Amino acid sequence: MQNQTTLEKLDEKVSEVLIQYHELKSENETIRNELITLKGQKEIQDQEIDKLTEENIMKDLEIEEIVNKIESILG
């Protein structure tokens, strides 16, 4: 077994760091894309919640009008 020189050891360590850097960079990009997707989904859900909330308010008003009509009919 041949002893590695300091330069060879350094080269090996730098290569390992570069490999790890590229793996982390790829993972970061994947997470970034997932985050963008999730933000888009959240925006769609927020819009749907707003729409349903508005519909609920309108239904409440409609129910209130019906109750008022019934009360006026009953005297």
Side-chain angles (χ1 to χ4, degrees):
M1 182 174 189
Q2 194 177 21
N3 289 336
Q4 287 183 316
T5 66
T6 304
L7 187 57
E8 289 171 333
K9 287 179 185 178
L10 180 60
D11 182 53
E12 184 179 310
K13 294 296 179 185
V14 168
S15 294
E16 290 173 9
V17 168
L18 284 173
I19 289 169
Q20 187 177 21
Y21 165 77
H22 288 295
E23 288 171 353
L24 291 172
K25 184 177 177 183
S26 175
E27 183 179 348
N28 188 30
E29 185 64 29
T30 300
I31 291 170
R32 183 186 325 267
N33 289 337
E34 185 177 340
L35 178 62
I36 290 168
T37 300
L38 291 173
K39 282 183 176 181
Q41 290 173 351
K42 181 188 177 301
E43 180 64 30
I44 290 170
Q45 289 175 339
D46 287 346
Q47 290 172 357
E48 183 68 17
I49 288 170
D50 290 343
K51 175 185 164 196
L52 292 172
T53 300
E54 183 65 29
E55 287 178 5
N56 196 28
I57 290 170
M58 296 306 292
K59 293 288 183 184
D60 286 346
L61 290 173
E62 186 178 338
I63 289 170
E64 190 175 323
E65 287 177 10
I66 292 171
V67 168
N68 288 338
K69 285 181 182 179
I70 291 172
E71 287 177 345
S72 70
I73 290 173
L74 295 177

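When reading the values below, keep in mind they use all heavy atoms of this one structure, side chains included, and skip hydrogens, waters and symmetry mates. Keep in mind it's a predicted model, so treat the numbers as computed, not measured.
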**Asked** Does a side-chain N-to-carboxylate-O contact under 4.0 Å join Glu12 and Lys9?
**Response** no
Residue pairs meeting side-chain hydrogen bond (donor to acceptor under 3.5 Å, both in side chains), one or both in residues 35-49, sequence neighbours left out, come to Lys42-Asp46, Glu43-Gln47
Would the number of heavy atoms belonging to other residues, nucleotides or ligands and lying under 6.0 Å from CD of Glu16 be above 12? yes
dist Leu38:CG -> Ile31:CD1 (nearest 0.5 Å) comes out at 11.5 Å
- Is there a donor-acceptor contact under 3.5 Å from the side chain of Ser26 to the main chain of His22? no
Tracing side-chain contacts under 4.5 Å among Ile, Leu, Val, Met, Phe, Trp and Tyr outward from Leu7 reaches none
Could you go through residues 53-74 and list every donor-acceptor pair under 3.5 Å that involves a side-chain atom there, pairing it with any protein atom two or more places apart or in another chain?
unit_1, atom_1, unit_2, atom_2, d
Thr53, OG1, Ile49, O, 2.8
Asn68, ND2, Glu64, O, 3.3
Ser72, OG, Asn68, O, 3.4
Ser72, OG, Lys69, O, 2.8

